[in-house]
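Working notes for the structure below.
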Amino acid sequence: MKLAGESNPTAVGRFWVIHVIGSTFYIKGSPVIPSPPECHIPCDGSACDVDIICTWTVSDPDNSLIQTLHWANYNSTATGHTAIIQRNDFTSPSKLQVWVQTQNRDGTVSKSEMVIFYTENLYKSPRPKIVSSSQDPIEIQWRSLCENLGEEQCEVRYRTEIEKAWVQQDEGGVSGSYMLNNAEPSRNYSFQIRCKCGAYLMSDWSEALVIRSAERVPIGKLDIWKDCKKLDKVTDCVLVWKKLPMFEARGHILGYKITLYYNDGSIMDLNEPVAKSKSLICNAVQCFHNSSLMDVKSVVMCAYNALGETEPSHLILQTSVAIAAHKVLDLKMRENNITISWSRTWSTDNMKEFVVQYKEAGTPLGRGLDWVRIDISTKTITIKGKFKKYTAYQVSMFTVANHTTRLYCTDVTHYVQGKPTRVPLFKVDSYGTTNVTLSWKTVLMSVHNGVIPYYQIGFGNNVYNVSGYPQMENRTYVLTNLAEDHDYEVWIKAVNQAGPGPNTTVQFKTLSTDNIGRFICLFLTLFGAVVLLLLVSLLVLAKRKTYPAALSCLFEKVPDPHNSNILKEIGNQIHGFCIPKEHVEQHPKMSTIEVVNSCVFNSKLDHDPCDWADEVEEPEEKEHKTSCGCRKQEYSKMIDSDKEKNEEDTDTCSSSSEEDSAGYEQHFMPTKEDMMELNQQ
């Protein structure tokens, strides 16, 4: 037995029910003991009720218990966990002894502790009602219902939308209002009030009223990062960042300002409003800008609300690479988190922080990743997430120093592993008599099914284990001590914790020493014969003095009329330099060119001086021979159209004193002797 107002823990019992083939069997367990009852007489401010209402708690998940309220020589069957003592069943003022009794299906009866009440003290104050509120500052006002019941004493409690526990404040006096100082900006607060009127019992809590605090200028900085297809390059990347927490946003974030600095010195400013931007893609905690960072050197970014913006955040995109040659990270993944640890100690001269990132294999840019910035003294971190079975996650560590990030190490882990898939490509790069170089493409992370610590390469009874670290796209391995001139079939397979994957095979045959010797001898013989043939040909040509002609046949020239001295002379005649004005034809006729094929020709060059020129020594006759073997050479013969009329022009002019042995005619046009010889034939 206890008096009303004393505390008592609730006793809980257990009862087992088993259903077997349509029948129900009840197995007796520990008794189900209800809590002591709490009783009161409700009031509404103007008057009070006359009946007593009692409530209690009990564990009854299947509603199989028979619950009754007992006092004096009376009892009342409960509805749920509530029962009413009618006014006719008690006297007032009086002392009541009240308890609760339960009975389960097998007839077991349990009783709560007995509680003593005085009926004149059971009147309960009416529940207050909040009538008005303000946002900045947060203040609530309520209406008092204790005018006829005594002095009001109230309690206030509140909590934010992200908190479960209430913060309770005692509010004395009868002011009917409460002000919350130092409220967090732009946060939803829930308020409840209960009051006591004089000697009456404390009322129930009022209905909750939600008030959103006023906005403020955002503080803090955005945590911006990049997501790239290849960790060591920034050719295909997007900008990602984490949303500001509410205590830093201090209001509704309307958008983001992004400034891109390109390698060529140009600058682009972007304003991406959250409500209208098509390039902005966000989830509950992260956003990314769905455009490539190609040729971008660095990024500056900030968030803004209606009252201001955050401090700018900076990110330099160029990433240097210094991949560790050995395994550095110790990874332990569970369904809801991943623990990453390492043992290396770092030099703290320029080192600022680490960035540890994980990325789900096969996800598009901007999705499936998270990152954490940590202090350089940290050796272990745990990142929360929802990880999938048989899915690869690439974990990478970056060091940050002097605003530059460096990829230090990367590894792959899984929550639950399955056997790896087949190696996609396995081939022979080169081979000799006793060795072969093999290469293969590693299994894609998106189909890893598990961490691949090593690959197995084998043939016959020989098996070699090749480390799977570091995770590179292409790998090579050299097999030695093979037999000469022998056929081999070599297989490779990936191995992980769940077992080995299927084999991928390649076939080849090693070289023979004899075959190699014969090949070398044949090559040297052919090479010597070719060299000897060239030497003999050069000697023969030199003896015949046709070496230059041979070269001219090897490198045949195409005639260019611009090099013709004859055409130049005609041009000079037209301009009136050599021919008197009266001798210039009014309607000159152009010469025609006839193409004649000839195998070999010899010529002597004769030159006549100009009639009006000073005496010039005639050049010595030079013998010019051209020989092209049996090969035909094309040349042109110029026939003056006036010659057809037997009218020969007796004036011959040359405006140059240069030797005619050089130039276009010497190489491609026939001489006077050649023309006479042809006419005689």
Side-chain angles (χ1 to χ4, degrees), residues 159-164 183-190 210 212-228 237-260 269-293 296 298-317 336-338 340 353-360 363-375 381-387 393 395-396 398 400 405:
R159 65 182 178 184
T160 63
E161 55 192 342
I162 61 174
E163 296 173 337
K164 295 182 178 180
E184 296 182 13
S186 191
R187 185 68 63 89
N188 289 330
Y189 283 87
S190 297
V210 178
R212 188 172 185 85
S213 57
E215 290 191 359
R216 296 287 186 271
V217 177
I219 60 175
K221 300 171 65 175
L222 288 171
D223 183 1
I224 61 176
W225 191 238
K226 61 184 182 297
D227 184 19
C228 303
C237 303
V238 296
L239 184 66
V240 295
W241 63 91
K242 294 184 178 180
K243 288 184 175 180
L244 287 174
M246 185 59 67
F247 71 91
E248 291 185 351
R250 300 184 4 140
H252 179 63
I253 295 299
L254 300 177
Y256 300 91
K257 294 180 179 179
I258 304 172
T259 303
L260 305 178
D269 291 320
L270 303 174
N271 187 358
E272 300 292 349
V274 174
K276 299 180 180 179
S277 175
K278 296 182 180 180
S279 300
L280 201 61
I281 301 175
C282 298
N283 57 25
V285 295
Q286 293 180 12
C287 296
F288 72 93
H289 194 256
N290 192 23
S291 61
S292 176
L293 294 177
V296 175
S298 61
V299 179
V300 177
M301 183 178 180
C302 67
Y304 62 89
N305 63 13
L307 299 179
E309 60 187 35
T310 62
E311 296 181 20
S313 300
H314 300 264
L315 177 66
I316 297 178
L317 295 179
N336 297 319
N337 61 69
I338 176 174
I340 308 166
E353 61 183 2
F354 295 137
V355 175
V356 179
Q357 167 192 305
Y358 76 79
K359 170 80 174 179
E360 180 183 341
T363 55
L365 291 177
R367 296 182 173 91
L369 83 157
D370 194 8
W371 68 96
V372 177
R373 297 180 183 272
I374 55 177
D375 186 77
I381 62 167
T382 299
I383 305 177
K384 294 182 179 180
K386 191 68 175 178
F387 300 105
Y393 292 87
V395 181
S396 306
F398 299 82
V400 181
T405 59

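Every heavy atom of this structure was used, including side-chain atoms; hydrogens, water molecules and symmetry mates were not.
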- Query: With sequence neighbours excluded, what pairs up with Asp375 under the side-chain hydrogen bond (donor to acceptor under 3.5 Å, both in side chains) test?
  - Reply: Ser377

- Should Phe288 and Asn283 count as side-chain neighbours, where that means a heavy-atom distance under 4.5 Å? no

- Query: What pairs with Ser213 under side-chain hydrogen bond (donor to acceptor under 3.5 Å, both in side chains), at least two apart in sequence or on another chain?
  - Reply: none

- Query: Got a sec, which residues hit side-chain contact (heavy atoms from CB on, under 4.5 Å) with Ser277, two or more places apart in sequence or on another chain?
  - Reply: Glu272, Pro273, Ser279, Leu280

- Task: Could you list the residues that satisfy side-chain hydrogen bond (donor to acceptor under 3.5 Å, both in side chains) with Arg187, not counting sequence neighbours?
- Result: Glu184

- d(Leu315 CG, Ile224 CD1) to nearest 0.5 Å is 4.5 Å

- Item | Any side-chain heavy-atom pair of Arg216 and Asn305 under 4.5 Å | no

- Contact check, side chains of Leu244 and Ile253, non-hydrogen atoms, under 4.5 Å: yes

- Query: Are side-chain heavy atoms of Val355 and Val372 found at a separation under 4.5 Å?
  - Reply: no

- Message: I need the full list of salt bridge (Lys or Arg N to Asp or Glu O under 4.0 Å) pairs touching residues 241-258, with sequence neighbours left out, sorted by first then second residue.
- Response: Lys242-Asp370, Lys257-Glu309

- Tell me yes or no: between the side chains of Gln286 and Trp241, is some donor less than 3.5 Å from an acceptor? no

- State the SG-CD1 distance between Cys287 and Ile281, to the nearest 0.5 angstrom. 9.5 Å

- Message: Please determine whether side chain to side chain contact (heavy atoms under 4.5 Å, CB included) holds for the pair Val395 and Ile338, giving the CA-CA distance in whole Å, both sets of side-chain angles, and the decisive distance to 0.1 Å.
- Response: CA-CA 10 Å; Val395 181; Ile338 176 174; 3.8 Å; yes

- Task: Sequence neighbours left out, what passes ring-ring contact (aromatic ring centres under 6.0 Å, His included) with Tyr189? Give chain and number order.
- Result: none

- Note on the structure: Sorted by chain and number, sequence neighbours left out, side-chain contact (heavy atoms from CB on, under 4.5 Å) with Ala306 holds for Glu215, Leu254

- Distance, nearest 0.5 Å, that separates SG of Cys228 from CG of Leu369: 10.0 Å

- Message: Looking only at the aromatic ring of each residue, does the gap between the centers of Trp371 and Phe354 stay below 6.0 angstrom?
- Response: no

- Can you name the residues that form a side-chain contact (heavy atoms from CB on, under 4.5 Å) with Lys386, not counting sequence neighbours? Glu335, Asn336

- Could you walk me through whether Glu311 and Lys221 pass the salt bridge (Lys or Arg N to Asp or Glu O under 4.0 Å) test, one step at a time? CA-CA 5 Å; Glu311 296 181 20; Lys221 300 171 65 175; 5.0 Å; no

- Item | Value rounded to 0.5 Å, distance of CE in Met301 from OG in Ser313 | 8.0 Å

- Phe387: partners by ring-ring contact (aromatic ring centres under 6.0 Å, His included), with sequence neighbours left out: Tyr358, Tyr393

- Note on the structure: side-chain contact (heavy atoms from CB on, under 4.5 Å) filter on Val300, not counting sequence neighbours, yields Thr259, Tyr261, Pro312, His314

- Would you say Trp225 and Thr405 make side-chain contact, with heavy atoms under 4.5 Å? yes

- Task: Report the residues that fulfil salt bridge (Lys or Arg N to Asp or Glu O under 4.0 Å) with Glu163, sequence neighbours left out, ordered by chain and then residue number.
- Result: none

- Hey, is the main chain of Lys164 close enough, under 3.5 Å, to the side chain of Arg159 for a donor-acceptor pair? yes

- Note on the structure: Here the pair of heavy atoms bringing Val238 nearest to Gly366 is CG2-N, 3.8 Å

- Message: Once side-chain hydrogen bond (donor to acceptor under 3.5 Å, both in side chains) is applied, do any residues pair with Asn188, and if so which ones, sequence neighbours excluded?
- Response: Glu161, Arg212

- Are Val274 and Tyr256 close enough that some pair of their side-chain heavy atoms sits under 4.5 Å apart? yes

- Heavy-atom closest contact (Gly220 atom, Thr310 atom, distance): O-CB, 3.4 Å

- Give, for atom CZ of Arg373 and atom CD1 of Ile381, the distance between the pair rounded to the nearest 0.5 Å. 12.5 Å

- Minimum heavy-atom distance between Leu307 and Val217, given as atom pair plus value: O-CG2, 3.5 Å

- Yes or no on side chain to side chain contact (heavy atoms under 4.5 Å, CB included) for Leu239 and Leu293, after CA distance, side-chain angles and deciding distance? CA-CA 7 Å; Leu239 184 66; Leu293 294 177; 4.2 Å; yes

- Message: With heavy-atom distances below 4.5 Å as the criterion, would you say the side chains of Ile258 and His289 are in contact?
- Response: yes

- Item | Nearest atoms (heavy-atom pairs only) where Arg367 meets Asp227 | N-OD2, 4.1 Å

